[in-house]
Amino acid sequence: MQLDVLGAPYERQTIDLGTDDEGPVTATLVRRRAEQPDGRAVLYVHGFSDYFFQTHLADFYTARGIDFYALDLRKYGRSLLPHQTPNFCRDLSDYYPELDEAARIIREVDGRKRLLVSGHSTGCLTTALWAHDRRNAGVVDAMFFNSPFFDMNVPWRIKVAMRPVAMRKGRTQPYYKMPTGLNDVYGSSVHSDRYGEWTYDLAWKPLPGFPVYAGWLRAILLGQKRLHDGLDIPAPIFVGSSMASYKRARWSEAARVADSVLDIDHMAKWTPALGPRTTLVRIEGGLHDLTLSAEPARKQLFDELDRWMRSYF
């Protein structure tokens, strides 16, 4: 471990993942130890156009004796190398090697006995599939999903028309830049340069997000189809979402208190598909990343999560 860009007490470790068609590949595991550790750990996995910077989230866990780890996946944040296409993958299982290695380090090297895996947005979809595929290995003891990306936030007709194009181009032209993508409404709601209260690296998390490529979109669609068909994750799962979705492409004050990226009804619809032990909580005034919401929504989230953890983790 070496000192992380966040400074002490954050450390980071590079995970070597070999090479792919773009060259060398790495992931980055960030660690913050609790002052009085109790043998539990949490592994946080970010969303699309994202990386770990939410130190107050680490504060929440370490104050309860839980060692905090965050994984910047390949081609994201700390792991993004100059020769790489940001945030690109061909299949969500591409991320399994770094998830496997992070869990191994936490359990075998650092000796933590219980592990909560916490995902945000796309990180929820990826870790859900991984937890399902590793369900017999005893790797995951509990999960927290923060505004999961379980379905495409587009009208049904567009979804039907988009799918065959994305599937075909994603297979034959994976680096084809899709005409769809994010706008800057969500970024504006969280960054201190606009209307939010948070400061982070805009090179790693740009306000309008990174471009969406056909290979990545195909990977998402295939992953969502697997989830819709039903997973069997035995661990207890806490799912949090906002109470409202914001659908406009331009800024208004309503974006301060709603999920401006995904449809919250999709999250509720697909939560039961995760497994038999799910809890869904909606947060009044929550943003897409609930942990970046303004007060009192942020406090409500952490109160609900704390209550759930005392029962299940």
Side-chain angles (χ1 to χ4, degrees), residues 13-18 20 25-31 39-48 50 52 61 66-76 79 89-150 216 219-240 267 270-279 305 308-309 312-313:
Q13 175 177 343
T14 299
I15 299 173
D16 185 353
L17 298 167
D20 67 4
V25 181
T26 64
T28 311
L29 184 64
V30 179
R31 179 178 70 188
R40 293 180 296 168
V42 58
L43 175 62
Y44 171 78
V45 181
H46 56 78
F48 180 67
D50 205 358
F52 168 66
Y61 289 109
I66 304 171
D67 284 331
F68 180 85
Y69 297 79
L71 184 62
D72 277 14
L73 300 168
R74 64 185 69 197
K75 307 188 182 185
Y76 283 87
S79 309
C89 75
R90 296 172 184 265
D91 192 279
L92 294 181
S93 64
D94 290 352
Y95 302 119
Y96 286 12
E98 52 256 56
L99 288 166
D100 289 337
E101 180 61 7
R104 187 194 70 82
I105 292 170
I106 293 168
R107 286 190 174 274
E108 297 181 14
V109 178
D110 290 353
R112 298 302 169 251
K113 303 302 182 185
R114 290 179 58 77
L115 178 61
L116 183 149
V117 175
S118 171
H120 167 56
S121 195
T122 310
C124 302
L125 179 61
T126 301
T127 56
L129 297 173
W130 173 72
H132 170 81
D133 290 338
R134 299 291 186 267
R135 62 189 179 278
N136 296 322
V139 176
V140 179
D141 296 294
M143 307 192 81
F144 165 41
F145 289 156
N146 169 2
S147 302
F149 185 22
F150 287 165
W216 178 88
I220 293 296
L221 292 171
L222 290 173
Q224 289 176 343
K225 176 62 165 58
R226 283 195 66 196
L227 185 142
H228 296 173
D229 289 342
L231 303 180
D232 184 21
I233 302 171
I237 304 170
F238 177 98
V239 177
M267 303 174 197
W270 297 115
T271 288
L274 294 168
R277 304 167 68 190
T278 58
T279 302
L305 179 57
W308 178 85
M309 287 198 309
Y312 293 104
F313 188 60

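What you see is a predicted model, and the numbers here were worked out from it, not measured in a lab.
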Item to complete: Answer with yes or no whether the side chains of T26 and S79 bring together a donor and an acceptor at under 3.5 Å.
Response: no

Worksheet entry | Residue list, salt bridge (Lys or Arg N to Asp or Glu O under 4.0 Å) with R107, at least two apart or on another chain |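 Salt bridge (Lys or Arg N to Asp or Glu O under 4.0 Å) list for R107, sorted by chain: D141.
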
With heavy-atom distances below 4.5 Å as the criterion, would you say the side chains of [X] and [Y] are in contact?
X: E101; Y: L29; result: no
X: L115; Y: V42; result: no
X: V45; Y: L99; result: yes
X: F68; Y: V30; result: no
X: F52; Y: Y69; result: no

Worksheet entry | Verdict with supporting geometry, F145 and L274, side-chain contact (heavy atoms from CB on, under 4.5 Å) | CA-CA 11 Å; F145 289 156; L274 294 168; 3.8 Å; yes

How many angstroms lie between [atom1] in [X] and [atom2] in [Y], if you round to the nearest 0.5 Å?
X: I15; Y: E98; atom1: CD1; atom2: CD; result: 7.0 Å
X: H228; Y: F150; atom1: NE2; atom2: CZ; result: 8.5 Å
X: Y95; Y: L125; atom1: OH; atom2: CG; result: 10.5 Å
X: L17; Y: K75; atom1: CG; atom2: NZ; result: 10.5 Å
X: I237; Y: T279; atom1: CD1; atom2: OG1; result: 9.0 Å
X: L43; Y: L116; atom1: CG; atom2: CG; result: 9.0 Å

Can any side-chain N or O of [X] pair as donor or acceptor with the backbone N or O of [Y] at less than 3.5 Å?
X: R74; Y: D94; result: yes
X: D110; Y: R112; result: no
X: N146; Y: G240; result: no

Fill in: Parallel, tilted or perpendicular, as decided by the 30° and 60° cut-offs, for the rings of F48 and Y76
perpendicular

Discussion item. Is there a side-chain hydrogen bond (donor to acceptor under 3.5 Å, both in side chains) between D67 and Y61? Walk through the geometry before answering.
Written reply: CA-CA 7 Å; D67 284 331; Y61 289 109; over 6 Å; no

I need the minimum non-hydrogen distance between [X] and [Y], along with the two atoms involved.
X: P234; Y: R135; answer: CD-CB, 3.6 Å
X: H120; Y: D50; answer: CD2-OD2, 3.5 Å
X: L71; Y: H46; answer: O-CD2, 3.2 Å
X: M143; Y: I233; answer: SD-CG2, 4.0 Å
X: A219; Y: C89; answer: CB-SG, 4.0 Å
X: G119; Y: C124; answer: O-SG, 3.1 Å

Worksheet item: So K225 and L221, side-chain contact (heavy atoms from CB on, under 4.5 Å) or not? Walk me through it.
Response: CA-CA 6 Å; K225 176 62 165 58; L221 292 171; over 6 Å; no

Practice prompt. Check the pair R134 / V140 against side-chain contact (heavy atoms from CB on, under 4.5 Å), numbers first and verdict last.
Written response: CA-CA 8 Å; R134 299 291 186 267; V140 179; over 6 Å; no

Worksheet entry | Identified ring-ring contact (aromatic ring centres under 6.0 Å, His included) partner of F144 from the options F238, F313, W308, Y44 |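 By the ring-ring contact (aromatic ring centres under 6.0 Å, His included) criterion, F144 pairs with just one of F238, F313, W308, Y44: F238.
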
Worksheet item: Is R226 salt-bridged to D133, going by a charged N under 4.0 Å from an acidic O?
Response: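 Between D133 and R226 there is a salt bridge, with a charged N closer than 4.0 Å to a carboxylate O.
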
Practice prompt. Answer yes or no: does atom OH of Y312 have more than 12 heavy-atom neighbours from other residues, nucleotides or ligands under 6.0 Å?
Written response: no

Worksheet item: Listed by chain and number, what are the side-chain hydrogen bond (donor to acceptor under 3.5 Å, both in side chains) partners of T126, not counting sequence neighbours?
Response: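 T126 satisfies side-chain hydrogen bond (donor to acceptor under 3.5 Å, both in side chains) with no other residue.
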
